[in-house]
Each structure stands twice: as C-alpha cells, then as structure tokens.
Amino acid sequence: MAKKMRAVQIPRAGGPLELVEREIPEPQAEWVRIKVEACGVCHSDSLVKEGHWPGIQYPRVPGHEVIGVVDAVGDRVRPWKTGQRVGVGWHGGNCGYCDHCRRGEFFACSIALLITGISFDGGYAEYMVAPAQALALVPDELSAIDGAPLMCAGVTTFNALRNSGARPGDLVAVLGIGGLGHLGVQFAAKMGFETVAIARGKDKEALAKKLGAHHYIDSQGSDPAAALNQLGGAKVVIATVTNADAMAAVLGGVAPNGVFMVIGAAGALSVDPILLISGCRSVKGWYSGASIDSQDTLHFSAFNAVHSMNEVFPLEQAAEAYDRMMSGKARFRAVLQIGAKS
Ligand SMILES: [Zn+2]
Ligand SMILES: [Zn+2]
C-alpha cells in the first residue's frame, strides 16, 4: 500500500482550505519528489482559492514558495540528486522549444507553461512532485523558513531590481513596505543603490531605515513625486503596492530616462503621455523569474544577509495563515513550517 502524507487542498473554486490525507506522489520522468520543509503563503494563492485562474483542476494543493529536500528522482533527471536542498517558485516549467523559449522568454512559453500550485500540486503538503527544470539550489546557510518567501516575493523584487537598468549609486525607490517591499528595500540597499522607501504614514520610517533605506518618504504627509524630485528624481521606481492611485502619485518622481516598474497587481493605471514623452520615461512590468533567477536570489540573500520577516504557522493552520495573509496584517510574510526543524 502506498504511503500517506498530509496535504492542504482546495476542493473547488471558492472552497475552503482543507487538511486531507493523500498518497505520497511518485515522480514521473524529468520530475523529482520533494520532502517539503516550508512553504510561503502568497497573495497569488487566492487565484487558486477563488478560481480566478483559468483551467485549474480541483482539488488542487496551492503553494509556490517551497523549500525542501529532493527525496526521489524520476527517469532522465539531470543533474539533481536525492538529499539536495531545493526551492520551487511560481515558474514551474516551460517547453524549451517554442519561439519564446528559444528567445529565453521562458515566462511567455506558448506550449507548456507550468505554474506551481496551479498547473500541478504545490507546497502546502508534506511531499510534492515538481519538474526538475523548476528547481533552485538552496545554500546551506539559508534556513527553510528564511528561504521560502524568497521563492516568490524575493525573486520578484530581486529580479525586477537587477533588470531595471539602475546602476550602483543611482536613486532607486521602492513603493510600499509590505511582503514584497520589505525585501525590495533590502535588495536595493545591498545592490548599492541610493535607496528610497515610500509608504503611507510615519510609523514605517524606522523599519524602512533598519532595512537599509537611505531616505523615507511618507506619501500621506507629503507629495511623494515632489519629494523624489527633491532628491534628484528616481532612476527606477519598483511599485509593489496594489493600489493604482498610490502608484499614480509617484509617477511624476521618475527621472529622465527612468523606469517605473510595476510588480504589484493593481487596477488600471493612468499615465500622462507628456510625462513619458518629455523625459523618455517608461512604465513597464516585471515577471518574477525562472528557476535560475530564484537560485540567484537565494544565493544573494544568503551572502548579503537579506531576511524576510515571517509569521510562521504549522501546516494544519494553513487556513489561519491564509486568512492572516489576506487580511494584509501579516508582518510581512506568512510561512507554513512543514518538515523543517524550528
Ligand atoms: Zn507568489
Ligand atoms: Zn515554450
């Protein structure tokens, strides 16, 4: 008889998070099985919970911020071996041969784009299987709880910053000090940017400075665009908030040739074309990254002491962890501790 494991699944769109017993899955060719140590709870898990992603087959186990240990390997898996510590993030795999993949645009794969916890079961479980293509190597120095949020919130901010065109010494602003922003500020400061944190109210200033921000702008107490311009204008703004008005208020603080990089899923954003034209400014989005980007994020974080601030829950309290995350009150990421030692 197959061995059993505990998992938390969503039985149907709009259904509850329920703790169930399932058979431990076997890895198919080119996939591995992972004994999960920790899994972060991300706002995008609500896409599974509420059925807002087309084509999800239920029941589905969510979770795309996974850290664990390779426990079994399928046929033709190279070069991964059992016992290696790995992470799995949002990008679960791509075909490798469509035109987009051939251009290195793996996120746009048109044949077989896989998303962890959406296309296949994710990390809210004691074991999961994942394509070998989706694995990031985890440095020994990094604990599972520390590493998990880096697999989505971390790689998204890290990869947006390192691909933003900003150079060391440039003024870079991080809009929003939440799950993404509190990591973004640390990455920006550690990458050598003159780092500005922008958030509502005075109360986050001390934390922002502790995370490495050189400047803090209270977007309630002052006009954040004017405040950025007083500092010379931002070469890059990384917008992590989910409020389009909060984004719009900062657009005017982007320096000539600067980039306003959107990584928070907000509503429609209106932009004055004159602002773009007159200063050669641009507004663009950034996708989190593929497995090697996650690996780079973990490596950078371990060597530069970038830490996610986490609230930790056991697997059986996944529903509480999810509600806490959705309430926006978590400081700053909720993480399920599954096989990891505390
Ligand atoms: Zn996520
Ligand atoms: Zn492809």
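Start at 1 and go down the list; that is how both ligands and their atoms are numbered.
Here the angle centred on the Zn ion (ligand 2), running from SG of C95 over to SG of C98, is 110°, rounded to 10°. Rounding to 10 degrees gives 130° for the angle at the Zn ion (ligand 1) between SG of C152 and SG of C42.
For the Zn ion (ligand 1), the set of nearby N, O or S atoms under 2.8 Å includes one belonging to H64. Distance check for C109 against the Zn ion (ligand 2): an N/O/S atom falls below 2.8 Å.
There is no side-chain donor-acceptor pair under 3.5 Å between D293 and H91. When only modelled atom types and interatomic distance are considered, Q133 and E30 share no side-chain donor-acceptor pair under 3.5 Å.
Between M261 and V237, the closest side-chain pair of non-hydrogen atoms is not below 4.5 Å.
A side chain to side chain contact (heavy atoms under 4.5 Å, CB included) with L150 is found for exactly one of T157, I67, V138, L142, namely L142.
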